[in-house]
Amino acid sequence: MNRLTLGIETSCDETAAAVYSSKHGVLSNELFSQIKEQKAFGGVVPEIASRTHLEKINGIVESALKTAGVTLDEIEVVAVTSKPGLPSALLVGFCFGKALAWVKQKKFIGINHLEGHAFSAFLNNKDIPFPHLCLTASGGHTALYYVTGFGAYKTIAHTIDDAAGEAFDKIARLIQLPYPGGPEIEQLAQKAGFKDYFNYPRGKKDRFNFSFSGLKTAVMYDLVEKDAYDMATKKFLKPHDLKLKEEVASSLLVCITDIFKQKIALALKEYPDVKALTFVGGVACNSYIREQLKEFLSKRNISLLYPAKQYCTDNAAMIAFVGNYKAERDEFSPWNLDILQ
Ligand code: KG4
Ligand code: ZN
(Lines give C-alpha, C1' and ligand atoms only; values in the text may rest on other atoms or scores of the structure.)
(Ligands and ions follow the chains in the order given, each with its own letter.)
Protein backbone atom coordinates (compact mmCIF):
# COMPACT_ATOMS: atom_id res chain seq x y z
CA MET A 1 0.00 0.00 0.00
CA ASN A 2 1.20 3.51 -0.75
CA ARG A 3 -0.50 6.16 1.39
CA LEU A 4 -0.16 9.75 0.16
CA THR A 5 -0.38 12.52 2.74
CA LEU A 6 -0.70 16.20 1.91
CA GLY A 7 0.95 18.37 4.60
CA ILE A 8 0.11 22.05 5.09
CA GLU A 9 2.00 24.48 7.32
CA THR A 10 1.23 28.17 7.99
CA SER A 11 2.04 28.61 11.69
CA CYS A 12 4.37 31.57 11.20
CA ASP A 13 5.78 33.27 8.10
CA GLU A 14 6.21 30.35 5.71
CA THR A 15 3.35 29.21 3.48
CA ALA A 16 4.20 25.55 2.89
CA ALA A 17 2.73 22.38 1.41
CA ALA A 18 4.25 18.96 0.79
CA VAL A 19 3.31 15.47 -0.33
CA TYR A 20 4.68 12.47 1.59
CA SER A 21 4.44 8.91 0.34
CA SER A 22 4.52 6.06 2.86
CA LYS A 23 6.49 4.08 0.28
CA HIS A 24 8.83 6.64 -1.30
CA GLY A 25 9.19 9.43 1.29
CA VAL A 26 8.99 13.13 0.40
CA LEU A 27 7.58 13.65 -3.12
CA SER A 28 7.42 17.44 -2.91
CA ASN A 29 8.18 20.20 -0.43
CA GLU A 30 6.96 23.60 -1.62
CA LEU A 31 7.33 26.84 0.24
CA PHE A 32 6.80 30.55 -0.01
CA SER A 33 8.97 32.37 2.53
CA GLN A 34 7.80 35.82 3.60
CA ILE A 35 11.26 36.98 4.66
CA LYS A 36 11.12 39.81 2.09
CA GLU A 37 7.66 40.94 3.25
CA GLN A 38 8.65 40.82 6.94
CA LYS A 39 12.21 42.18 6.65
CA ALA A 40 11.17 45.84 6.82
CA PHE A 41 9.71 45.22 10.29
CA GLY A 42 12.65 43.28 11.75
CA GLY A 43 10.36 40.42 12.77
CA VAL A 44 7.05 38.78 11.94
CA VAL A 45 3.92 40.97 11.82
CA PRO A 46 0.95 38.58 12.28
CA GLU A 47 -1.46 40.39 9.97
CA ILE A 48 1.08 40.54 7.14
CA ALA A 49 1.74 36.83 7.70
CA SER A 50 -1.93 35.86 7.53
CA ARG A 51 -2.72 38.05 4.52
CA THR A 52 0.27 36.66 2.63
CA HIS A 53 -0.75 33.08 3.52
CA LEU A 54 -4.20 33.82 2.09
CA GLU A 55 -2.69 35.00 -1.17
CA LYS A 56 -0.25 32.09 -1.50
CA ILE A 57 -1.89 29.00 -0.03
CA ASN A 58 -3.84 27.88 -3.08
CA GLY A 59 -0.85 28.12 -5.43
CA ILE A 60 1.52 26.43 -3.00
CA VAL A 61 -0.80 23.45 -2.48
CA GLU A 62 -1.34 23.15 -6.24
CA SER A 63 2.37 23.21 -6.91
CA ALA A 64 3.04 20.63 -4.15
CA LEU A 65 0.64 18.25 -5.93
CA LYS A 66 2.09 19.06 -9.34
CA THR A 67 5.74 18.61 -8.28
CA ALA A 68 4.81 15.32 -6.59
CA GLY A 69 3.12 14.22 -9.82
CA VAL A 70 -0.11 13.30 -8.04
CA THR A 71 -3.72 14.49 -8.21
CA LEU A 72 -5.80 15.61 -5.26
CA ASP A 73 -7.94 12.49 -5.75
CA GLU A 74 -4.93 10.30 -4.98
CA ILE A 75 -4.32 11.98 -1.62
CA GLU A 76 -5.62 9.92 1.29
CA VAL A 77 -4.78 12.14 4.27
CA VAL A 78 -4.62 15.90 4.82
CA ALA A 79 -2.30 16.82 7.73
CA VAL A 80 -2.33 20.45 8.83
CA THR A 81 -0.44 22.33 11.53
CA SER A 82 -3.02 23.16 14.21
CA LYS A 83 -0.74 24.45 17.01
CA PRO A 84 1.30 26.25 18.29
CA GLY A 85 1.79 29.41 16.25
CA LEU A 86 0.37 32.82 15.42
CA PRO A 87 -3.41 32.27 15.55
CA SER A 88 -4.20 34.39 12.49
CA ALA A 89 -1.48 32.65 10.48
CA LEU A 90 -2.40 29.13 11.65
CA LEU A 91 -6.04 29.69 10.75
CA VAL A 92 -5.30 30.14 7.04
CA GLY A 93 -3.63 26.76 6.45
CA PHE A 94 -5.83 25.02 9.00
CA CYS A 95 -9.14 26.18 7.49
CA PHE A 96 -7.84 25.56 3.97
CA GLY A 97 -6.75 22.01 4.84
CA LYS A 98 -9.84 21.15 6.84
CA ALA A 99 -12.17 22.45 4.11
CA LEU A 100 -10.24 20.56 1.45
CA ALA A 101 -10.40 17.34 3.49
CA TRP A 102 -14.12 17.81 4.18
CA VAL A 103 -15.11 18.55 0.58
CA LYS A 104 -12.93 15.84 -0.95
CA GLN A 105 -13.69 13.32 1.84
CA LYS A 106 -10.10 12.82 2.96
CA LYS A 107 -8.89 11.80 6.38
CA PHE A 108 -7.94 14.85 8.41
CA ILE A 109 -5.29 15.28 11.11
CA GLY A 110 -4.26 18.41 13.05
CA ILE A 111 -0.52 18.32 13.73
CA ASN A 112 1.53 19.88 16.50
CA HIS A 113 4.21 21.96 14.76
CA LEU A 114 6.75 21.00 17.46
CA GLU A 115 6.15 17.30 16.85
CA GLY A 116 6.86 18.08 13.19
CA HIS A 117 10.24 19.59 14.06
CA ALA A 118 11.00 16.84 16.59
CA PHE A 119 10.79 14.11 13.90
CA SER A 120 12.08 16.17 10.95
CA ALA A 121 15.52 14.54 11.09
CA PHE A 122 13.84 11.29 9.91
CA LEU A 123 13.09 12.91 6.54
CA ASN A 124 16.69 12.36 5.46
CA ASN A 125 17.96 9.89 8.11
CA LYS A 126 16.05 6.64 8.10
CA ASP A 127 17.66 4.80 11.00
CA ILE A 128 17.74 7.06 14.03
CA PRO A 129 17.83 4.84 17.11
CA PHE A 130 15.41 5.19 20.03
CA PRO A 131 15.67 6.38 22.69
CA HIS A 132 17.36 9.59 21.64
CA LEU A 133 17.47 13.21 22.66
CA CYS A 134 16.09 15.92 20.41
CA LEU A 135 17.27 19.51 20.67
CA THR A 136 14.72 21.77 18.96
CA ALA A 137 15.92 25.33 18.43
CA SER A 138 13.86 27.65 16.28
CA GLY A 139 12.64 31.23 16.20
CA GLY A 140 9.67 30.43 18.40
CA HIS A 141 10.77 27.43 20.49
CA THR A 142 13.73 25.91 22.24
CA ALA A 143 13.37 22.56 23.96
CA LEU A 144 15.13 19.32 24.74
CA TYR A 145 13.09 16.11 24.41
CA TYR A 146 13.65 12.49 25.42
CA VAL A 147 12.25 10.56 22.47
CA THR A 148 11.25 6.88 22.80
CA GLY A 149 9.31 6.32 19.57
CA PHE A 150 7.38 8.06 16.80
CA GLY A 151 5.10 10.54 18.54
CA ALA A 152 6.42 9.48 21.96
CA TYR A 153 8.50 12.17 23.60
CA LYS A 154 8.91 13.83 26.95
CA THR A 155 10.02 17.44 27.45
CA ILE A 156 13.17 17.55 29.58
CA ALA A 157 13.83 21.27 29.20
CA HIS A 158 12.23 24.24 27.52
CA THR A 159 12.87 27.94 27.36
CA ILE A 160 11.32 30.02 30.10
CA ASP A 161 11.45 33.18 27.98
CA ASP A 162 12.96 33.75 24.51
CA ALA A 163 13.85 30.99 22.06
CA ALA A 164 17.42 30.54 20.79
CA GLY A 165 16.50 31.74 17.29
CA GLU A 166 14.72 34.69 18.85
CA ALA A 167 17.95 35.56 20.70
CA PHE A 168 19.83 35.53 17.38
CA ASP A 169 17.10 37.67 15.78
CA LYS A 170 16.81 40.20 18.63
CA ILE A 171 20.56 40.60 19.16
CA ALA A 172 21.09 40.92 15.41
CA ARG A 173 18.54 43.72 15.48
CA LEU A 174 20.43 45.42 18.34
CA ILE A 175 23.48 45.75 16.09
CA GLN A 176 21.44 46.66 13.00
CA LEU A 177 21.65 43.36 11.15
CA PRO A 178 18.71 42.34 8.98
CA TYR A 179 16.06 39.72 9.87
CA PRO A 180 16.42 36.77 10.28
CA GLY A 181 19.47 37.25 12.48
CA GLY A 182 20.77 33.66 12.68
CA PRO A 183 22.35 33.38 9.22
CA GLU A 184 23.79 36.92 9.46
CA ILE A 185 25.33 36.18 12.85
CA GLU A 186 26.85 32.96 11.52
CA GLN A 187 28.49 34.75 8.58
CA LEU A 188 29.95 37.51 10.75
CA ALA A 189 31.10 35.04 13.40
CA GLN A 190 33.00 33.10 10.78
CA LYS A 191 34.91 36.27 9.83
CA ALA A 192 35.84 36.74 13.50
CA GLY A 193 37.12 33.14 13.70
CA PHE A 194 34.38 31.79 16.02
CA LYS A 195 36.26 33.17 19.04
CA ASP A 196 34.78 34.27 22.33
CA TYR A 197 35.63 37.97 22.68
CA PHE A 198 33.15 39.18 25.28
CA ASN A 199 32.31 36.14 27.41
CA TYR A 200 28.54 36.69 27.61
CA PRO A 201 26.77 34.92 30.52
CA ARG A 202 25.93 31.23 30.02
CA GLY A 203 23.25 31.02 32.72
CA LYS A 204 23.01 28.33 35.37
CA LYS A 205 24.93 25.19 34.46
CA ASP A 206 22.94 22.89 36.74
CA ARG A 207 19.46 23.95 35.58
CA PHE A 208 17.60 22.24 32.77
CA ASN A 209 15.48 25.05 31.41
CA PHE A 210 16.81 27.51 28.85
CA SER A 211 16.62 31.28 29.32
CA PHE A 212 17.76 33.61 26.53
CA SER A 213 16.20 36.96 27.33
CA GLY A 214 18.89 37.72 29.95
CA LEU A 215 21.50 37.13 27.27
CA LYS A 216 20.00 39.83 25.09
CA THR A 217 20.04 42.26 28.02
CA ALA A 218 23.65 41.32 28.83
CA VAL A 219 24.72 41.99 25.25
CA MET A 220 22.88 45.32 25.31
CA TYR A 221 24.58 46.45 28.55
CA ASP A 222 27.95 45.36 27.21
CA LEU A 223 27.34 47.49 24.09
CA VAL A 224 26.37 50.44 26.31
CA GLU A 225 29.67 50.05 28.17
CA LYS A 226 31.48 50.08 24.85
CA ASP A 227 29.68 53.36 23.95
CA ALA A 228 28.06 51.48 21.10
CA TYR A 229 24.41 51.56 22.19
CA ASP A 230 22.14 54.30 23.49
CA MET A 231 19.44 52.98 25.80
CA ALA A 232 17.30 56.12 25.61
CA THR A 233 16.92 56.13 21.84
CA LYS A 234 17.45 52.34 21.48
CA LYS A 235 20.02 53.03 18.83
CA PHE A 236 23.19 51.22 17.83
CA LEU A 237 25.84 53.93 17.67
CA LYS A 238 28.53 52.13 15.69
CA PRO A 239 26.78 50.87 12.55
CA HIS A 240 30.00 51.13 10.51
CA ASP A 241 32.20 49.28 13.01
CA LEU A 242 32.30 45.95 11.23
CA LYS A 243 34.91 44.54 13.61
CA LEU A 244 32.64 45.14 16.61
CA LYS A 245 29.69 43.50 14.85
CA GLU A 246 31.81 40.48 13.99
CA GLU A 247 33.07 40.14 17.55
CA VAL A 248 29.54 40.42 19.01
CA ALA A 249 28.30 37.81 16.51
CA SER A 250 31.18 35.46 17.23
CA SER A 251 30.87 35.77 21.03
CA LEU A 252 27.11 35.24 20.81
CA LEU A 253 27.40 32.13 18.67
CA VAL A 254 30.03 30.59 20.95
CA CYS A 255 27.90 31.44 24.00
CA ILE A 256 24.69 29.87 22.65
CA THR A 257 26.62 26.79 21.55
CA ASP A 258 28.04 26.45 25.08
CA ILE A 259 24.54 26.75 26.57
CA PHE A 260 23.36 23.91 24.30
CA LYS A 261 26.31 21.75 25.39
CA GLN A 262 25.59 22.43 29.08
CA LYS A 263 21.97 21.32 28.82
CA ILE A 264 22.84 18.27 26.73
CA ALA A 265 25.49 17.26 29.30
CA LEU A 266 22.87 17.50 32.06
CA ALA A 267 20.37 15.47 30.04
CA LEU A 268 22.93 12.76 29.30
CA LYS A 269 23.54 12.32 33.02
CA GLU A 270 19.84 11.75 33.60
CA TYR A 271 19.23 9.66 30.46
CA PRO A 272 22.36 7.54 29.98
CA ASP A 273 20.51 5.13 27.66
CA VAL A 274 20.32 7.54 24.72
CA LYS A 275 22.24 6.60 21.59
CA ALA A 276 21.79 9.68 19.46
CA LEU A 277 20.81 13.32 19.46
CA THR A 278 18.80 15.01 16.75
CA PHE A 279 19.32 18.75 16.32
CA VAL A 280 16.33 20.34 14.59
CA GLY A 281 14.62 23.69 13.90
CA GLY A 282 15.88 26.78 12.07
CA VAL A 283 18.94 27.19 14.32
CA ALA A 284 20.07 23.69 13.31
CA CYS A 285 21.01 25.22 9.92
CA ASN A 286 24.05 26.62 11.70
CA SER A 287 27.15 24.73 10.55
CA TYR A 288 29.32 25.91 13.46
CA ILE A 289 26.85 24.63 16.09
CA ARG A 290 26.47 21.34 14.18
CA GLU A 291 30.24 20.79 14.12
CA GLN A 292 30.66 21.71 17.76
CA LEU A 293 27.84 19.41 18.89
CA LYS A 294 29.18 16.60 16.74
CA GLU A 295 32.59 16.80 18.38
CA PHE A 296 31.08 17.13 21.85
CA LEU A 297 28.82 14.07 21.34
CA SER A 298 31.32 11.86 19.56
CA LYS A 299 33.50 11.93 22.70
CA ARG A 300 30.50 10.39 24.47
CA ASN A 301 29.81 7.82 21.71
CA ILE A 302 26.58 9.50 20.72
CA SER A 303 25.78 10.27 17.13
CA LEU A 304 24.43 13.59 15.96
CA LEU A 305 21.75 13.65 13.27
CA TYR A 306 20.08 16.63 11.75
CA PRO A 307 17.60 17.38 8.98
CA ALA A 308 18.67 18.67 5.58
CA LYS A 309 18.56 22.49 5.67
CA GLN A 310 15.21 22.69 3.88
CA TYR A 311 13.73 20.55 6.68
CA CYS A 312 15.34 22.56 9.54
CA THR A 313 13.39 25.75 8.96
CA ASP A 314 9.60 25.61 8.84
CA ASN A 315 8.32 23.28 6.14
CA ALA A 316 5.33 21.07 5.39
CA ALA A 317 7.26 17.84 4.72
CA MET A 318 7.74 17.39 8.48
CA ILE A 319 3.99 17.93 9.01
CA ALA A 320 3.12 15.36 6.33
CA PHE A 321 5.63 12.91 7.86
CA VAL A 322 3.94 13.08 11.28
CA GLY A 323 0.55 12.86 9.53
CA ASN A 324 1.72 9.66 7.85
CA TYR A 325 2.67 7.83 11.06
CA LYS A 326 -0.48 9.04 12.80
CA ALA A 327 -2.61 7.79 9.88
CA GLU A 328 -0.88 4.42 10.16
CA ARG A 329 -2.28 4.20 13.71
CA ASP A 330 -5.70 5.62 12.78
CA GLU A 331 -5.06 8.71 14.91
CA PHE A 332 -7.32 11.09 13.00
CA SER A 333 -8.77 14.37 14.28
CA PRO A 334 -12.44 15.15 14.80
CA TRP A 335 -14.02 17.65 12.39
CA ASN A 336 -14.63 20.10 15.23
CA LEU A 337 -10.89 20.41 15.98
CA ASP A 338 -9.89 24.05 16.29
CA ILE A 339 -6.45 25.68 16.19
CA LEU A 340 -4.44 25.76 19.44
CA GLN A 341 -6.47 22.86 20.94
O1 KG4 B 1 12.20 26.79 12.45
P2 KG4 B 1 12.13 28.19 11.94
O3 KG4 B 1 12.07 28.39 10.46
O4 KG4 B 1 10.88 28.95 12.48
C5 KG4 B 1 10.27 28.75 13.70
O6 KG4 B 1 9.55 27.74 13.87
O7 KG4 B 1 10.47 29.64 14.55
O8 KG4 B 1 13.37 28.97 12.57
C9 KG4 B 1 13.68 30.30 12.25
C10 KG4 B 1 14.81 30.72 13.17
C11 KG4 B 1 15.11 32.22 13.10
O12 KG4 B 1 15.14 32.71 14.43
C13 KG4 B 1 16.50 32.28 12.46
O14 KG4 B 1 17.29 33.36 12.91
C15 KG4 B 1 17.09 30.95 12.88
O16 KG4 B 1 16.03 30.05 12.80
N17 KG4 B 1 18.18 30.55 11.96
C18 KG4 B 1 19.46 30.42 12.35
C19 KG4 B 1 20.22 30.09 11.19
N20 KG4 B 1 19.35 30.01 10.14
C21 KG4 B 1 18.09 30.29 10.64
N22 KG4 B 1 20.03 30.58 13.55
C23 KG4 B 1 21.37 30.41 13.64
N24 KG4 B 1 22.15 30.11 12.55
C25 KG4 B 1 21.62 29.94 11.33
N26 KG4 B 1 22.39 29.65 10.29
ZN1 ZN C 1 9.12 26.02 13.45
Side-chain angles (χ1 to χ4, degrees), residues 7-16 18 29 31-35 38-39 41-44 46 49 53 80-86 89-90 93 111-121 123 134-143 145 158-159 162-175 177-191 194 210 212-213 215-216 248-257 259-260 278-293 306-319 321-322:
I8 297 176
E9 153 67 42
T10 64
S11 67
C12 190
D13 59 345
E14 264 95 22
T15 318
N29 184 38
L31 182 126
F32 176 81
S33 170
Q34 302 178 11
I35 284 180
Q38 304 283 0
K39 215 164 194 152
F41 303 93
V44 179
H53 287 318
V80 190
T81 304
S82 59
K83 65 176 179 186
L86 300 169
L90 275 171
I111 306 287
N112 182 330
H113 179 84
L114 295 175
E115 188 168 334
H117 277 303
F119 293 90
S120 58
L123 291 168
C134 170
L135 173 62
T136 300
S138 71
H141 306 276
T142 299
Y145 305 110
H158 60 88
T159 178
D162 292 351
E166 198 175 355
F168 280 118
D169 296 338
K170 286 182 172 172
I171 294 167
R173 201 174 171 183
L174 271 186
I175 56 171
L177 298 177
Y179 172 84
E184 300 281 334
I185 296 275
E186 183 176 12
Q187 272 186 19
L188 290 181
Q190 187 178 17
K191 288 188 186 139
F194 300 118
F210 298 89
F212 289 105
S213 90
L215 176 58
K216 188 199 90 178
V248 169
S250 190
S251 306
L252 176 67
L253 184 50
V254 174
C255 175
I256 290 184
T257 309
I259 294 171
F260 286 160
T278 58
F279 178 35
V280 304
V283 178
C285 286
N286 192 293
S287 306
Y288 171 80
I289 307 179
R290 285 180 177 186
E291 277 161 29
Q292 286 289 312
L293 291 186
Y306 39 79
K309 289 199 174 172
Q310 70 270 26
Y311 304 137
C312 284
T313 43
D314 286 349
N315 66 87
M318 67 185 191
I319 303 302
F321 179 79
V322 174

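Both counts, for ligands and for their atoms, begin at 1 and track the order of listing.
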Colleague: Tell me, do I185 and L252 make a side-chain contact under 4.5 Å, heavy atoms counted?
Modeller: yes

Colleague: Nearest 0.5 Å please: distance from the CG atom of L135 over to the OG1 atom of T142.
Modeller: 7.5 Å

Colleague: With 2.8 Å as the threshold, which protein atoms of type N, O or S lie near the Zn ion (ligand 2)? Leave waters out.
Modeller: H113 NE2, H117 NE2, D314 OD1

Colleague: Less than 3.5 Å apart, any donor N or O on the side chain of Q292 or T257 sitting next to an acceptor on the other?
Modeller: no

Colleague: Can you list the residues that meet the ring pair (Phe, Tyr, Trp, His ring centres under 6.0 Å) rule with Y311, with sequence neighbours excluded?
Modeller: none

Colleague: Within a radius of less than 6.0 Å around CD of Q190, do more than 12 heavy atoms belonging to other residues, nucleotides or ligands occur?
Modeller: no

Colleague: Please list, by chain and number, the protein residues whose heavy atoms come under 4.0 Å of ligand 1.
Modeller: H113, H117, S138, G139, G140, G165, F168, D169, P180, G181, G182, P183, E186, G282, V283, C285, N286, C312, T313, D314

Colleague: Does a salt bridge link D162 with K170, judged by any charged N lying under 4.0 Å from a carboxylate O?
Modeller: yes

Colleague: Distance only, no hydrogens: is a donor on one side chain within 3.5 Å (strictly under) of an acceptor on the other, for D314 and H117?
Modeller: yes

Colleague: Go through the steps for H53 and T10 under the test side chain to side chain donor-acceptor pair (under 3.5 Å), then give the verdict.
Modeller: CA-CA 7 Å; H53 287 318; T10 64; 4.7 Å; no

Colleague: List in chain and number order the residues that pass ring pair (Phe, Tyr, Trp, His ring centres under 6.0 Å) with F32, two or more places apart in sequence or in another chain; answer none if no residue qualifies.
Modeller: none

